[in-house]
Amino acid sequence: MKDFFSRTRSGAQGLAQRVSQLRLKPAMLVALIAGVLATLMQAPFGLWPLMFLVWPVCILLLDSTLRAPRPLRAAFAIGWAFGFGSFISGLYWIGNSFLVDAETHGWIMPFAMTILPAGLGLFTGLAFLLARRFRVDGWRRIIWFAAAFSLIEFMRGHVLTGFPWNMPGQIFSENIFLIQSASLFGAYGLNLIVLVMGASVATLADNAAMRARVMLPSLSLVALGALMIFGALRLPAGEDWVDGVRIRIIQPNVPQAEKYVPELRQRNWRRLIAPLLDVREAGITHVVWPEAAPPFLLDRSDDALAVIKDLLGDIVLMTGAARVEEDASGERFFNSFHVIRDGRILATYDKAHLVPFGEYLPLSGLLEALGLTKIIGGGGNFSEGPGVATLTVPGAPPMGPLICYEVIFPAEVADDALRPAFLVNVTDDSWFGDTIGPQQHLAQARLRAVEEGLPIVRAANTGVSALIDPYGRILSRLPYGSEGAIDVSLPASLSGTLFMVAGRSVFILLFILAVFIRASAHPVFVRTHNKNNAQVRLSSFATQPLTRALHSPMWDLYPLRADRA
């Protein structure tokens with residue numbers, strides 16, 4: 001047995017040494033393959049143990065830049081290749097949206113499917129560059145890599161409206177025990193934790209003492225076990241329900257290409273209203289339709305509102321709907337959410353986080369001149385709403401509406417001033433077909449439920465519609481591509497989670513801790529003494545130019561008395 005472990009360790013070290021000695025082009029190819037494997041960690045595959053392969057490879061590839069003539073450029077190139085592989089395999093489904101109206105947008109698809117992953121790869125390239133620029137040796141390089149990568153992932157979630165899709169911290173979404181850790185750290189905090197745990201294996205191949213090699217992997221395994229135990233203990237045996245609320249979630253399954261065809265509008269409308277015929281007999285109190293469900297402007301159709309009143313009466317309908325508002329500047333288009341009772345619209349929420357190139361065209365004047373238009377038809381761009389809101393719903397607790405991909409943004413789904421008791425996520429993923437995209441979207445909704453301790457009622461045009469409890473468990477669902485309805489009770493919300501209270505502060509504290517651990521390799525400030533005074537000097541943790549500047553005689557203007565040291 002001892003010989004077996006010795007041979008295994010020698011083989012692993014030999015493989016690690018070969019990876020760390022790769023030249024740039026082979027290293028970029030390995031990074032691209034690692035990026036593709038990273039997609040398998042995400043939903044719907046959920047192969048999260050691959051983190052013990054993917055992230056150590058990234059560390060070894062970064063190690064290979066030690067021999068590169070231009071190490072920073074090499075690090076950026078390797079990071080970009082990793083990101084490109086990850087995003088082109090994990091976001092390929094976006095190309096399907098360009099085929100809905102292939103005559104108009106089909107020619108854009110090959111460009112979009114390469115330009116978007118290439119652009120997002122700039123973030124991972126920057127993460128690798130940052131990790132390389134302030135690199136330290138030994139196990140601390142793992143901590144710094146995780147800190148740098150998670151910082152750039154935080155930026156990716158916010159820069160240019162943000163796109164926090166398939167982040168490292170989302171790989172636990174398919175494991176009901178590990179997903180509970182999102183209630184503590186949130187997705188951004190989990191980014192750092194997952195990166196440390198996965199990449200820690202790289203230290204086993206280091207040329208160092210046994211204690212230094214096994215310390216971080218051992219701690220990571222203990223932490224992983226602790227998260228599993230925490231998740232198992234957190235999950236209740238049963239479910240608490242809100243009294244007097246019974247919801248019907250309707251999934252009409254209207255293909256996007258057929259949604260607004262004039263000859264099919266009556267058929268599409270019937271798919272929405274047919275499941276309403278027996279709601280009274282079934283004891284339904286609330287009905288939910290998906291995003292932009294009516295194939296016309298609902299708020300301008302008195303006949304449609306009259307039909308809803310006849311079928312539902314005082315039963316509440318919550319639905320996504322397009323609407324147009326006229327003002328002095330002309331018409332403004334909104335992707336909206338209505339609360340309707342007795343045929344009257346009681347409350348409206350306008351989507352605040354719009355999809356670039358889908359609902360609006362950035363730099364529209366320039367891009368339209370090049371022949372580009374937004375994917376969703378209609379005149380002009382959609383307008384932004386004011387932001388997250390809590391709506392009053394008759395017969396139910398306060399509710400927070402989320403339209404489409406608004407659910408993917410951590411700490412941006414619930415109004416802190418007037419906290420909702422549940423979230424309603426209406427979406428239309430028919431743009432992306434029966435691919436991994438709708439499954440990834442559902443997984444993100446599960447994370448938000450755990451983070452906020454709120455149940456989510458999810459209505460999707462073609463799927464996946466579902467009821468998610470505040471622990472991220474899917475209690476009921478309609479599979480993609482099916483037409484139908486599910487009747488569900490409403491789970492009670494939790495009193496609170498650490499993430500709900502602290503939000504992004506959890507990630508910030510973890511990041512600061514990681515920076516301090518990295519800085520412990522080279523103390524940031526070194527106090528030097530002479531006979532009469534002491535000076536504070538910055539160590540080599542900073543860049544050399546900055547260090548030279550801070551060591552200039554200017555700092556002698558601020559001596560520290562030796563007797564105060």
Side-chain angles (χ1 to χ4, degrees), residues 10-42 45 47-95 109-133 135 141-142 144-146 148-150 152-153 156 165-168 171 191 194-195 198-207 436 440:
S10 298
Q13 282 186 323
L15 178 62
Q17 186 176 13
R18 285 194 290 272
V19 172
S20 64
Q21 291 178 348
L22 289 173
R23 293 183 179 274
L24 180 56
K25 289 185 179 180
M28 290 179 65
L29 177 61
V30 172
L32 188 144
I33 295 171
V36 173
L37 290 176
T39 296
L40 298 179
M41 295 190 285
Q42 302 288 346
F45 311 105
L47 300 179
W48 59 266
L50 281 175
M51 70 178 180
F52 296 113
L53 170 64
V54 170
W55 300 118
V57 166
C58 290
I59 296 296
L60 296 176
L61 290 173
L62 267 176
D63 290 346
S64 72
T65 64
L66 294 174
R67 298 171 178 82
R70 295 180 175 178
L72 296 185
R73 290 187 182 185
F76 181 86
I78 291 170
W80 178 87
F82 173 83
F84 184 76
S86 174
F87 292 120
I88 202 169
S89 59
L91 299 177
Y92 75 89
W93 46 268
I94 291 178
M109 186 184 76
F111 300 99
M113 291 185 65
T114 52
I115 292 174
L116 178 62
L120 293 173
L122 297 177
F123 286 96
T124 51
L126 183 59
F128 276 57
L129 185 151
L130 186 61
R132 177 62 183 87
R133 181 62 185 86
R135 184 186 184 277
R141 78 188 192 281
I142 309 297
W144 177 239
F145 170 79
F149 204 108
S150 61
I152 301 303
E153 287 294 272
R156 180 162 71 89
W165 198 281
N166 282 5
M167 296 190 299
I171 65 173
N191 284 343
V194 163
L195 288 164
S200 66
V201 177
T203 66
L204 294 176
D206 286 353
N207 186 18
I436 62 176
Q440 293 172 351

I'd like to know whether Phe84 forms a side-chain contact (heavy atoms from CB on, under 4.5 Å) with Leu120, so could you lay out the CA-CA distance, the side-chain angles of the two residues, the decisive distance to 0.1 Å, and finally the verdict.
CA-CA 7 Å; Phe84 184 76; Leu120 293 173; over 6 Å; no

Would you find a donor on one side and an acceptor on the other, under 3.5 Å apart, between the side chain of Arg156 and the backbone of Trp165?
yes

What I want to find out is whether Asp206 reaches Arg141 closely enough, with some N-O distance under 4.0 Å, to be called a salt bridge.
yes

Exercise: identify the closest heavy-atom pair between Asn166 and Gly90:
ND2-O, 3.9 Å

Check whether any side-chain N or O of Ser64 sits under 3.5 Å from a backbone N or O of Leu61 as a donor-acceptor pair, and report yes or no.
yes

Could you walk me through whether Trp55 and Ile142 pass the side-chain contact (heavy atoms from CB on, under 4.5 Å) check?
CA-CA 10 Å; Trp55 300 118; Ile142 309 297; over 6 Å; no

Looking only at the aromatic ring of each residue, does the gap between the centers of Phe149 and Trp144 stay below 6.0 angstrom?
no

Side chain Thr65, main chain Ala74, donor-acceptor under 3.5 Å:
no

Above 12 or not: heavy atoms from other molecules or residues under 6.0 Å from CZ of Phe45?
yes

Any non-hydrogen side-chain atom of Met113 less than 4.5 Å from a side-chain atom of Ile94?
no

Does a donor on one side chain and an acceptor on the other come within less than 3.5 Å for Gln440 and Trp93?
yes

Would you say the side chain of Val54 lies within less than 4.5 Å of the side chain of Leu40, judging by non-hydrogen atoms?
no

Any chance the rings of Trp80 and Phe76 have centres within less than 6.0 Å?
no

Any side-chain heavy atom of Leu66 sitting closer than 4.5 Å to one from Arg132?
yes

Donor-acceptor pair, side chain of Ser89 and main chain of Thr39, under 3.5 angstrom
no

Dump the intermediate steps for side-chain contact (heavy atoms from CB on, under 4.5 Å) on Leu62 and Arg135, then the final yes or no.
CA-CA 9 Å; Leu62 267 176; Arg135 184 186 184 277; 5.8 Å; no

So, for Cys58 and Phe145, which heavy atoms are closest and what is the spacing to 0.1 Å?
CB-CZ, 4.0 Å

Just by distance, do the side chain of Ser150 and the backbone of Ala146 share a donor-acceptor pair under 3.5 Å?
yes

If I take atom CG from residue Leu32 and atom CG from residue Leu37, how far apart are they, to the nearest 0.5 angstrom?
10.0 Å

